[in-house]
Structure formats: C-alpha cells, structure tokens
Amino acid sequence: MANLPIVQFEKKIIETVEQNPVVVIIGETGSGKSTQLSQMLHRKGYTDSGIVAVTQPRRVAAVSVSRRVAQELGVRLGEEVGYAIRFEDRTSERTQIKYLTDGVLLRESLSNPELNQYSVIILDEAHERSLNTDILLGLMKRLVGSRASNLKVLITSATLDGEKVSKFFSDCPLLTVPGKLFPVEIFYSKERPTSYVESSLKTALDIHVREPEGDVLIFMTGQDDIEKLVLKLEDKVRSLEEGSCMDAIILPLHGSLPPEMQVRVFSPPPPNCRRFIVATNIAETSLTVDGVVYVIDSGYVKQRQYNPATGMYSLDVVQVSKVQANQRAGRAGRTRPGKCYRLYPSRVYNDEFLDVTVPEIQRSSLAGTVLYLKSLDLPDIDILKFDFLDPPSTESLEDALKQLYLIDAIDENGSITSVGRTMAELPLEPSLSRTLIEANEYGCLSQALTVAAMLSAETNLLPNRSKSNEKKRKHPPLDLPDGSGFGDHIQLLQIFECWDENDYDIGWCKYYDLQVRGMLFVKEVRKQLSQIMQKIAKGSSDVQANQSRKGHQNYRNLRKALCIGYASQLAERMRHHNGYRTLGFKSQLVQVHPSSVLQPDDDGLYGSYVVYHELISTSRPYMRNVCAVERQWVMPILDKLEKLNVSKLR
DNA sequence: TAGGGTTTT
C-alpha cells in the first residue's frame, strides 16, 4: 500500500477537502483511489462525525475493495469497515468506512434524504456514468447546498471527464493523481478493416509468432463473433509448425458463459504457453485478467438503447468512447509494459470517438427514475428541470411521466399519488410494482410476487435453444409448463411453482436447463419483495409461493392485475392477422416473439389484446413476454389515453 | 418462427 501513487498526495487531498465541499479526483487505474481515499479521511478524523461512504457501480467491487481496506487497517470485515449490497448488509454499529453500491445509497436516501449518517460520500468510478451514479451526482449537488451539517463529497473520474464534473459542481477543485500502470504502446491500423474477426485473427497470429511471452486480450462485440474467432484461432494455431512458437490456449469470455467457464481465465497458463482471451466488454471493468501484455481493440461495443417515441429497445453495435478505448488499452499494462493494437486509424479515435460513453440515463426508459425523484419530494421540483450532469431529452422525460400517469403513480397534474409512493418502495420496474399492488387487492399477491421476481432475474432463465445446445440435450425440450395458453408471465409463474413443489431442488433446474444461479436469484428477490409487501399490507397478505395452486385455473385476477400494471405496454391485434399495433406510443406494428408460449385460438388467431414486458427490435420489432388480457379491462385504459395531456404532467 | 453488451435496487 505504501507505494501507491496516491499516498504522496495525501496532504494536498486533505487540504483541498478541508477547504471545499466538493472535490473531483482524477485517478488513473492503479492509483489506489478506491482503497486509499477513505482511509486518508478516516485518519484525518472524518469518521468521528459520521460514516465515510464509498459507492461502487458493481457489487463485486464493493465487496472486494472493502475486504482489502479491512485487511489494511487490520480490522474484521463488517466491524469498522463494512459493505452493503442488495441482500447483504455487512455493517454494524461500529462501522466507520462503508462501501456500498450506488443503488443501495439511492435506496437509503429514500428513507433518509439528508443522508445524515454520512460525513463524507465518495462517488467512485463516476466516469462509467451508470444510471445510478448520474442520479446521485444530481442529488449530491442539491445536498451539499442544503444539508445543515457539513457534508463532503468526493467524485473520482477519468481524465477526459473531470473538467465537466468540476464545472457541474460550480468549478470545484480538481486534483489529478497518477496511476501505476506500465507504459502501453499504441498501434493504429492504417484503415478500418472490412472484417473485425479476420483482422483480429491476423493481428493475434502476428503477436503469437513475433512477440515474446504474455497473454493476449481481444475485445469483440458479442458471443457470435467471439465463438467465430475462437474457432478460427484454434484452427490456425494448430496448423502452425510444431516448435516454431509456444503453445496456445484460447478462451472465450462473456457474460452468458457458465460461471465455471468464466473462472478459467483466472487460473494461470502452464509454462511456455500463451493465452488468448477473446472477450466482450466484460473484461473492460468487471473482470480483470492477470498476465495480459497485449490488447487487440476492435473499437466497437454492443449498447442497449431505448427509443422514447416508440417504447422500443434495440441492441446496437456502436463505436467505443475514448475513455473505453483507454480503459481497454490499460488492460495491457498491469504487470509490465504492454502493447495495444487498435483496429482503427488514429484519425477515427481523435475525430469520431466520443470522449465519454453516452450516459445510461440518455439510453434508458426513465419511468423508474422519475418515480424515484418524485417520491423524494424535493422542494421546487420540476422533473424536467432536474439538474443532471447530462440531462435526458425532454421527450424521454415526458415518456416517463406519461407511463407513470397511465399506471396511476402520478395524477393528471403530475403529483405523486399514494399508489406511486408505495410503488417507489419496491425495487422493481414501475409496471411490476403497480401489478403487485393491484394483485394484493385481488387476492393473488403470491402469484404476482413470483411473476415479478422471475422477470427481475438478470439472466435468461429459460432453456437456451442455440444449435450447439440442442445437440447436447439429453432429453427432448418438453414438459415445462406452457402458461395454459395465456402467455409468458403465466408460464414463468408455473415454472417457479413447479420448482417450489420440487422443494427448490437444484437437480430439477438442471434437468430443465434452467440456470441455477438465476433461479436462486429469483428466490431471493421474491423473498425481499414479500417482506416489503407484507410491511405495506401490514402483515395480512399471504405470500406463500404455493398457496394458490388448485388444479385448473384461468389466472383471471392475476392477468387483470398485470393489465393494470402494464397499462402503458398494451397492444391490440390487427383484425385479420396476428400482428399487433402498440397503443400509447407512436403506434407501431409489432409481432409476438416466436419464443412466446401464447396460444392462438381455433382460427389460428391470438387474443385481441395483450400486455407486453418489453419491445425489442432485432431482426424485426417484437414484443417479448406477453400476457393475454380482456377487452373490458382495456377500455378504461384507452379512455385514459384519449384524455391524456402530457404538458400538464410536469 | 428467432437470438442475450454490461450493471443494479
């Protein structure tokens, strides 16, 4: 720890913090900012008047960094130094330094808007511009101006972003702390290749033949390209003349890889063997692979975008930002001097790449964010004028207001309703929290809890129908429940109920190709949601998973609750075919996703109305996860839509 | 009849 660069800046940092409420720290990789800033402030006595909080965008980071700090201070984790992430609070009365995800801090500020328990709040990795960090930046700006007791805010960011953050906080001081990276030599391509897979392949082989030992990390956009490149690399390396160069191991690395495959990158290679790790941006920040000396950067990344006019998501391949490109290059210099091969010209880097990644807040549906802000009851609120570092478009905010109005979270004047307040307490998308509240009225809360938890699972739970998997399958893909024809929400409910009947058996998940990790996550989410709902309903509600299962049923109450919850995600079938048009957004022709279990009637036609969980534009615009609903439930929503006046909702 | 970049409450 003593040789971390940041330690030499302690005096300067403390002086600046003493004299200013907000300080921006530009700390490059390896500067030690994440572990050291909190300890410096602790030494200076800032933990005497409150807790020093450090937010992280990711759970694993909150856990691992707090563990390191506890170790360095020689205390037990959970005592003076602790962490708090969803489902896991390892802090105590004695905790003075607390690492937490930015999402947890946002939750805390709901029940304690002044965040009085904290003397210092450090927002780490702000340059990643996660949705939660961006909300926190806006809240911190208000808080330092308003809070009675002295609050100190530190924000760490990257070189290219620091000035902007400083300006946002009324030109607060900006300190730069060097990193501890080894130099990385950058090589640019003369022009953009026509095929990134081919170009990566060629570059990787050049490195293998010409360069001394050291692993190669290759950044691609997705699973498909990764699999292609892995196959080609294996083929080419095998055909190299024996003894002409060292052995090679080729490893794919992406999020949908099973955990046991992911951890392979952490075991060191055998001697005289080079590893090629072909990865998505998961290797940019989330996973750190040791031993990398060479990086190949395609310059592209897959990004999810939301279109507020149509309510449609798409997953697009876009150019990385300069911050991302530098982060990728930095992965080559962690253990010794490295090299980074950029598969694009320097002109593209300089002229075309954005400085910083487009913040998530400008690429997401903001219904949840706006509801959260409304529930804080900030004085002088005009949600359209909330002070964001990078404001989302008016269109996007109006879309959020419209959605919230349709599900009764705000009234026609834009004021939060009591239903809206309850919704804000639930860690769910507004459509699902609205569904839970309605289901509680209809006596089907238990079922709704299960549906909401299943839809919250981050991983794909259902069997993966890829070609390679079909071959591996030991049994035909059948006998999972089919939603009784009503659609995917009901199927998700039935699957969980089956698992419950099988005593949450892991083997049962494996037999049906359901991701074990995902199902266990669902169980935990369900438990958390049950606890919150029981508090809201004052203990009277029945939340047992299996209590409602009684032979054949038409799930009428549950579907009605879903219809109310998804009032802003409604579609009407075309008269003569199975296409639907969306209602409530700029009307779009969409299809039920082919993976849906929704069943057509005897004439081959689907029901007249469905609600959908998500619109996703891939090869065509699809509704994913649909539920059949009845005309009589839809009519009041259509009425409301007709009378809607967005300009009054502000 | 088709396709999952990465996070998080």
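As the structure is a prediction and not an experimental result, all values here were calculated from the model.
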For A:I361 and A:L366, work out which heavy atoms get closest and say how close. O-CD2, 3.7 Å
Below the 4.0 Å mark, does B:dT1 have OP1 or OP2 next to a side-chain nitrogen or oxygen of A:S595? no
Take the protein atom CD of A:Q223 and the nucleotide atom P of B:dA2, then report the distance between them rounded to whole Å. 19 Å
Using a heavy-atom cut-off of 4.0 Å across all strands, would you classify A:I85 as base, sugar-phosphate, or nothing? sugar-phosphate
Looking across every strand, which nucleic acid part, if any, lies under 4.0 Å from A:R58 by heavy atom: base, sugar-phosphate, or nothing? sugar-phosphate
Reference residue A:R328; test side-chain contact (heavy atoms from CB on, under 4.5 Å); the match among A:I296, A:L217, A:V301: A:V301
Below the 4.0 Å mark, does B:dG3 have OP1 or OP2 next to a side-chain nitrogen or oxygen of A:T618? yes
Examine B:dG3: is either OP1 or OP2 under 4.0 Å from a nitrogen or oxygen in the side chain of A:S619? Give yes or no. yes
Can you tell me how far P of B:dG5 sits from CG of A:D224, to the nearest Å? 8 Å
Once ring-ring contact (aromatic ring centres under 6.0 Å, His included) is applied, do any residues pair with A:Y341, and if so which ones, sequence neighbours excluded? A:F187
If you compare every side-chain N and O of A:R107 against the phosphate oxygens of B:dT8 (OP1, OP2), does one of them come in below 4.0 Å? no
Have a look at A:L315 and say if it touches a base, only the backbone sugar-phosphate, or nothing, with a 4.0 Å heavy-atom cut-off. base
Which part of the nucleic acid, if any, lies within reach of A:V104 when heavy atoms closer than 4.0 Å are counted: base, sugar-phosphate only, or nothing? sugar-phosphate
Kindly indicate whether the side chain of A:R86 and the base of B:dT9 share any N or O donor-acceptor pair separated by less than 3.5 Å? no
Report the residues that fulfil ring-ring contact (aromatic ring centres under 6.0 Å, His included) with A:Y118, sequence neighbours left out, ordered by chain and then residue number. none
A:Y372 near the nucleic acid: base, sugar-phosphate alone, or nothing, with a heavy-atom cut-off under 4.0 Å? nothing
Please determine if a side-chain N or O atom of A:T101 lies less than 4.0 Å away from the OP1 or OP2 oxygen of B:dT9. yes
